*Asks:* 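Got a structure for you, questions after.
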Amino acid sequence: MYSSTPRKKRDASGIDGLSINDFDDDKDNYISLLSEKIRSGTYTPMLLRAAPIPKPNNKYRIICIPTVKDRFVQRCILRFLNNHDQTLANKISYGFINGYSKAVECAVTKAKSLRQSQSWAYKADISAFFDNIQRAEIENLIRKKVKYRSLHNLIIKFVHTEIQADGNLARIIHQQGISRGLGLRQGMPLSPYLANLYLKNFDDAVIKKNIKMIRYADDLIAFANNKDSCHQIHDFCKQELRKVFLDIHDIDLKSKTIIAAPEQDIEFLGLSICPSNSGYEIPISQQQLGKIKTKLYELTDMNYCLKNGINLTNIMSKLESKKIGYMDAYDSAQNKSQLHDLLDNSYRQIIGQIFFKLGINIDKLPSQAKKFLGLHLI
């Protein structure tokens, strides 16, 4: 279950301090104890450890970290549901669906195909989606839609799992709009599955209405033949989402809800769907390229690196894995060569900046020293 977990994350723990490595060292015993508690109905998830991630707008994204044992149980539930025809796959939902190996690529490629035939585009995202999910509503859906009754109470316990927080951390969490008793906590393995379950009736209504839409978690993009139809799609989405106490912003160029004419680009999941001589193409947007570069340059901050378990011995392998990951994620983009150049240039500059901070000018090192340090290819 944890064999594919990256090495740097294997020491991460929840509030009980138990790491993946600790769990693996006595795996059989832990699994036996967990099985016994689940069978007897005495198993209760522990509180979540909060990890606030700063965002550019001076806000935070709150990632919630379950204990290793709770993660293990949730992943077992997910594996069981996905292996027993409970994947929640449908015609419009692509995010966190078992079976999509490159879900973003599949979603954007499908969106491009839809725009070829219906070129007006409507895009929105659901406001504070995870934090506004009503727990009573998701409980009802679990009991109605998950056909294995023995799992109901166990899954519902995870729905009601809260964050351990006091003092300044509690204040930060509250400022992000997270309230006890409301919403699903991001970071739990079950949360994306339950979020898709929560929107199942919305998806069904969109499909029944024959709206040409792609949904990736809380991101929506739809296509129509004219502007009026896009406004009708917007009204329909607002109406259906209100049924489950969710909302989207009004249409506004300054908001996340927009309408794009056939000759306009529209961004979806970091890729642009833009006009070309052959119809439409999907390059990586310049905004997304900027975000990728900013994310990479976080590695020049020693405090950031130390906080995330990155040091001089693994910084180059970290950069290399990021490069491979980005190239794989955007393999279908028309301008992936531009991404490749950005990654190569950033790699050299980041390593150069790190060594400069250590008082070493790479350009002045002899070739033998560069080779010894693994810098000869830079």
Side-chain angles (χ1 to χ4, degrees), residues 4 6 8-9 53-57 61 63 94-97 100-116 121 123 125 214-221 223 256 258 260 263-301 304-305 308 310 314-356 362-363 374-378:
S4 61
K8 79 177 187 67
K9 294 185 178 180
I53 309 297
K55 295 166 70 174
N57 56 4
R61 182 179 179 218
I63 299 298
Y94 283 74
F96 311 110
I97 300 294
Y100 288 131
S101 58
K102 292 186 176 182
V104 170
E105 181 178 336
C106 290
V108 179
T109 301
K110 179 65 175 178
K112 171 192 168 185
S113 173
L114 291 174
R115 199 177 191 192
Q116 299 279 17
K123 190 184 77 165
D125 72 1
I214 301 293
R215 180 178 70 79
Y216 193 101
D218 54 351
D219 288 305
L220 313 175
I221 191 165
F223 302 93
K256 294 182 178 180
I258 60 173
E263 68 276 8
Q264 294 176 307
D265 299 358
I266 193 162
E267 186 178 335
F268 184 55
L269 304 177
L271 290 163
S272 289
I273 306 173
C274 55
S276 70
N277 292 333
S278 58
Y280 288 92
E281 60 183 18
I282 45 173
I284 310 166
S285 70
Q286 295 305 306
Q287 182 181 9
Q288 186 65 12
L289 287 169
K291 287 180 180 178
I292 290 170
K293 186 173 182 178
T294 299
K295 190 68 179 172
L296 288 171
Y297 274 80
E298 288 179 342
L299 296 172
T300 63
D301 183 340
Y304 171 85
C305 289
N308 288 276
I310 303 167
N314 60 20
I315 186 74
M316 284 183 282
S317 63
K318 178 72 175 177
L319 277 166
E320 193 63 36
S321 66
K322 279 184 172 290
K323 178 179 176 180
I324 292 169
Y326 281 127
M327 290 304 299
D328 185 59
Y330 296 106
D331 183 58
S332 62
Q334 266 77 15
N335 61 340
K336 62 181 179 182
S337 62
Q338 186 180 354
L339 173 63
H340 183 274
D341 292 343
L342 181 149
L343 293 170
D344 269 359
N345 291 333
S346 297
Y347 184 104
R348 288 191 291 271
Q349 291 170 13
I350 288 167
I351 294 298
Q353 285 188 33
I354 290 169
F355 275 81
F356 182 77
I362 293 177
D363 293 333
L375 304 174
H376 56 294
L377 297 177
I378 293 177

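Values below: every heavy atom of this structure, side chains too, minus hydrogens, waters and symmetry copies. These figures come from a predicted structure and were not determined experimentally. The first residue of the sequence shown is numbered 1, and numbering continues consecutively from there.
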*Asks:* Just jot down the side chain to side chain contact (heavy atoms under 4.5 Å, CB included) partners of Q334, sequence neighbours excluded, or say none.
*Replies:* K112, E281, I282, P283
*Asks:* For the pair R115 (side chain) and I273 (backbone), establish whether a donor and an acceptor sit closer than 3.5 Å, ignoring hydrogens and angles.
*Replies:* yes
*Asks:* Taking all non-hydrogen atoms of both residues, which atom of I362 and which atom of G352 are closest, and how far apart?
*Replies:* CD1-CA, 3.6 Å
*Asks:* Would you name the heavy atoms of A103 and Y94 that are closest together and state the gap between them?
*Replies:*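 Answer, listing the atom of A103 first, then Y94: CB-O, 3.5 Å.
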*Asks:* Can any side-chain N or O of N345 pair as donor or acceptor with the backbone N or O of D341 at less than 3.5 Å?
*Replies:* yes
*Asks:* Quick test of your reading of the model: are K323 and D344 salt-bridged, counting only N-O distances below 4.0 Å?
*Replies:* yes
*Asks:* Only counting residues at least two apart or in another chain, list the ones meeting side chain to side chain contact (heavy atoms under 4.5 Å, CB included) with F356.
*Replies:* none
*Asks:* Looking at every non-hydrogen atom in both residues, tell me the closest pair between I266 and K123 and how far apart they are.
*Replies:* CD1-CB, 3.7 Å
*Asks:* Test side-chain contact (heavy atoms from CB on, under 4.5 Å) on Y330 and K336; report intermediate values, then the result.
*Replies:* CA-CA 7 Å; Y330 296 106; K336 62 181 179 182; 5.6 Å; no
*Asks:* Do Y297 and Q353 have side-chain N/O donor and acceptor atoms under 3.5 Å apart?
*Replies:*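 No, Q353 and Y297 have no side-chain donor paired with an acceptor closer than 3.5 Å.
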*Asks:* Which heavy atom of A333 sits nearest to which heavy atom of I284, and what is that distance?
*Replies:* CB-CG1, 3.5 Å
*Asks:* Pair Y326, L342 - check side-chain contact (heavy atoms from CB on, under 4.5 Å), show working.
*Replies:* CA-CA 11 Å; Y326 281 127; L342 181 149; over 6 Å; no
*Asks:* Closest approach of E267 and Q287, non-hydrogen atoms and distance?
*Replies:* OE1-OE1, 3.1 Å
